[in-house]
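Numbering of residues begins at 1 and proceeds along the displayed sequence.
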Amino acid sequence: MKSIYCFLPVLLFSLLTFGQNETKTFTVKFISETIIPDGNLDEPIWEKANSASNFWQYFPTDSVQAQQQSDIKMLFDDKNLYVGITVYAAGNDYVVPSLRRDFRAGGSDNITLMFDTFNDGTNAFLFGTNPYGVRREGLVSNGGTGLGGFNVTWDVKWKGDAQRYDGYYTAEMVIPLTSFKFREGETKWRFNSYRFDTQSNESSTWTQIPQNQFIFSLAYMGDMVFEKPLGKSRTPIAIIPYVNTFAAKDFETDTNTSNFKVGGDAKVSIGNSMNLDVTVNPDFSQVEVDNQVTNLTRFEVSLPERRQFFIDNSDLFSTFGGGRDANPFFSRRIGIAQDADGNSIENKILAGVRLSGKLNEDWRLGFLNIQTEEDVDNEIASNNNTMFALQKKVFSRSNIGFFFINRQSFKDYDFIDNEDRYNRVLGIDYNLASKDNTWNGKFYGHKSFQSGGGNKDLSLGANLQYNSRNYNIFTDWVYVGDDFRSDLGFIRRTDIVKGLLGFGRTFWPKKGKLNRHGFEIFPVFIWRPELDFKNTDYTIRTSWEGQFKNQSELEFQVENRFIFLTDSFDPTGTEGAVELPGDQGYYYTSVGAGYRSDRRKAFSYRIGSQYGSFFNGDIFSMEGNISLRIQPKFSASLNFNYDQISLPDPFASADIWLISPRFDITFSKSIFWSTLVQYSNQRDNLGINSRLQWRFAPLSDLFLVYNDNYFVNRFTPRFRSINLKLTYWLNI
């Protein structure tokens, strides 16, 4: 592990930060008038409000003022923050994906506001709207350094609408101060706004952001100064009961099931900055189904968390360790278990609590405790799942985090081995983020505890990234001991030392159709300590990527790989196939190319292909997406993935298909119907998920969800269900 310590001098250097441009600022005045958020800025009080204006272009350049400007005004009273927005455009031909809330911003017209209420450059609340008054809200974490810290699954009550005029549109928002978390007596928040303008092919931000940073980066923000200090927020309690009736048939076992369930959640604000979430007998039947993936590797694939209970302040729990190799907490482990045959099935959650938020300016706290139900018939124990996390801000935007995880069965079961009765993990992380986000990194050490565990129970890691306008350098080192376990985590494999050093160079042409282009060299090596540090894997990827001024993108890559199989393995997943022999190394090389068209168009597409050797044979792969938009009420898309694997006899060859069409109809801003069909011959499944949603009141919904699954090879039904669920959000 000497490689980790060699980064300490670099770490000390990285703490030196560089000055930015003068901070932009505007004043938010206190008012006593009432503003109705109808999208018309016709209240006289708006004339007295200060403006956040003079937006900077982010795309296609980041060094000039925006061609089409935006103007944001804010006012506040004891209960609400009022926002009035004027967005100027070259015409009236706006692009909107649909009328559904929480829309995706890229490739459409919209404006988004970000509020860093604790002025820490790490977390922010996000609110946005488009020319049709469709709203979205979300959370930004980890300083806005990557897509993993951007989450629009979060929901909160607020009001807003928009109106379209000739050459511009206006919007109004009324956001309850209870929707935010902040310190009592605070006089300013850090603020920024970004906008997508399809007609001028322009993206812009209020505070200037370089293009090598994400447009939602929290390192580049101005200040909104309140005319008087913010008071103590009242403590609202939200009660969210549900009733759900469902019927299902399992055609494999020829059994019918029907049930009626009642449960609910409660959300309690503790002071101005802490949340207490409580759930009893939760039901997640209305949550969108996971997108299926084709897996040609030996390892498990992680999928994103979509359940609302786990979303708020999720970064306090989920960002410890290495997200790809050694994440000690992965919330999707809770509520899913393996039966006696090794199949993943639902494990009912009885109840749970989550306490999370800011203790003060420098400290954040997270606590989670969830109890799952026993299922003796499937040999699944009842488990208590607990996590405690504490995080302290250091320097301008960095932090140190500590956590403790405990998964434990308090009851004796004959089918549970002694070493599986409990699992505990203790760890500490240092997350580095320089003031201007040029330097980012992480250094961590975790240790697991379980009955009968060995002494190789550590998980250690260090990574560091330098990201400037022209250069990107990244290094990552990971050690996961052979005895390390985290039952509530995502650990792809143990007994590894992984090292990589990536280098990228970006060019910014002053003429021509390319906006930017660059190349990257990304070598990854893995050694196995228990095999005398044998090099069992390496991947050396060399790629070139270009972005055109019309926002289309083109990519080429060459990949050289080596895999030493310690055990036999069939990459096709064919039942009964002869597996590739273990204790043998395989070298192979492939080339690939990909293209994504301009997403502003009503018809757009993305396509990629790869060809080359694969283990001891060959592979041809093609994947892509086709999208059609008939705005603002209808959209359709088709995701597809095809892998043709040709291995020499006696090993299996296969044509693996994954086809997923999706249809969305938004009848209005409150009634949505979406249908997802997923065909996978690797999983031998054709799945249909159709969901009708009526939002009859703020964050209160009636869902009708139909699921149907068929075997692919013989096209016979395997499972079918229908759910009718009613939820109601009640503030008391």
Cation over ring face, R714 and F711, 6.0 Å, 45°
yes
Does one side chain, of D708 or Y710, offer a donor that lies under 3.5 Å from an acceptor on the other?
yes
Stepwise, does the side-chain hydrogen bond (donor to acceptor under 3.5 Å, both in side chains) test hold for K261 with T245?
CA-CA 6 Å; K261 296 174 64 177; T245 179; over 6 Å; no
So does K549 have more than 12 non-hydrogen atoms from other groups sitting under 6.0 Å from NZ?
yes
Atom CD1 of I215 and atom OG of S204: how far apart are they, to the nearest 0.5 Å?
7.5 Å
Assess, by modelled atom type and distance only, whether the side chains of Q57 and E202 contain a donor and an acceptor separated by less than 3.5 Å.
yes
Just do the side-chain contact (heavy atoms from CB on, under 4.5 Å) check on T86 and Y88 with the steps written out, would you?
CA-CA 7 Å; T86 304; Y88 296 96; 3.6 Å; yes
Decide, yes or no, whether a salt bridge links R195 with D197 under the criterion of side-chain N to carboxylate O below 4.0 Å.
yes
Is it true that the NZ or CZ of R691 lies under 6.0 Å from the centre of W673's six-membered ring and within 45 degrees of the ring axis?
no
Under 3.5 Å, is there a donor-acceptor pair linking the side chains of D315 and N142?
no
Given L126, L139, T145, the one that forms side chain to side chain contact (heavy atoms under 4.5 Å, CB included) with F150
L126
Between D71 and S51, do the side chains contain an N or O donor and an N or O acceptor separated by less than 3.5 Å?
yes
Would you say CG of N256 has more than 12 non-hydrogen atoms from neighbouring residues, nucleotides or ligands within 6.0 angstrom?
yes
With distance as the sole criterion, is a donor-acceptor pair present between the side chains of N40 and Y165 under 3.5 Å?
yes
Does the ring of F251 carry R718 above it, NZ/CZ under 6.0 angstrom from centre and within 45° of its axis?
no
OG1 of T207 to CG of N54: how many Å apart, nearest 0.5 Å?
11.0 Å
Start with the C-alpha gap between F26 and F191, add the side-chain angles, then the distance that decides, and say whether side-chain contact (heavy atoms from CB on, under 4.5 Å) holds.
CA-CA 10 Å; F26 69 99; F191 169 78; 3.8 Å; yes
Check whether the side chains of N709 and N685 place a donor and an acceptor atom closer than 3.5 Å, and report yes or no.
yes
Between the side chains of T666 and S98, is a donor N or O closer than 3.5 angstrom to an acceptor N or O?
no
Please report the interatomic distance CZ(R606) to CG(N625), rounded to the nearest 0.5 Å.
5.5 Å
Nearest 0.5 angstrom please: M74 CE to M224 CE, how far?
4.5 Å
State whether Y242 and K725 meet the cation-pi test: NZ (Lys) or CZ (Arg) under 6.0 Å from the six-membered ring centroid, and within 45° of the perpendicular axis.
yes
Check step by step if side-chain contact (heavy atoms from CB on, under 4.5 Å) holds for R306 and D290.
CA-CA 9 Å; R306 299 175 185 269; D290 291 319; 3.7 Å; yes
Contact summary for K157 and S179, nearest pair of heavy atoms:
O-OG, 3.2 Å
Is there a donor-acceptor contact under 3.5 Å linking the side chains of Q693 and D701?
yes
Ion pair D155/R136, N-O distance below 4.0 Å
no
Look up atom OG in S200 and atom CD in Q68, then write down how far apart they are to the nearest 0.5 Å.
4.0 Å
Under a 3.5 Å cutoff, is there a donor and acceptor pairing between the side chains of S660 and N639?
no
Nearest 0.5 Å, please: how far is OH in Y169 from CD in Q163?
13.0 Å
Testing the 3.5 Å rule here: is there a donor-acceptor pair between the side chains of R190 and Y220?
no
Using a strict threshold of under 4.0 Å (side-chain N to carboxylate O), is an ion pair present between K79 and D77?
no
D312 bridged to R354 by N-O distance under 4.0 Å
no
The residue among F115, W154, F216 that forms ring pair (Phe, Tyr, Trp, His ring centres under 6.0 Å) with F125 is W154
Does one side chain, of N92 or D166, offer a donor that lies under 3.5 Å from an acceptor on the other?
yes
Identify the heavy atoms of D62 and Q208 that sit nearest to each other, and give their distance.
O-NE2, 2.7 Å
What's the verdict on side-chain hydrogen bond (donor to acceptor under 3.5 Å, both in side chains) for K267 and N275, showing C-alpha distance, side-chain angles and the deciding distance?
CA-CA 7 Å; K267 293 180 175 289; N275 286 334; over 6 Å; no
Under a 3.5 Å threshold, yes or no: a donor from one side chain and an acceptor from the other, between W657 and D655?
no
Sidechain N-carboxylate O distance under 4.0 Å for E305, R332:
no
Are the charged groups of E137 and R135 less than 4.0 angstrom apart, N to O?
no
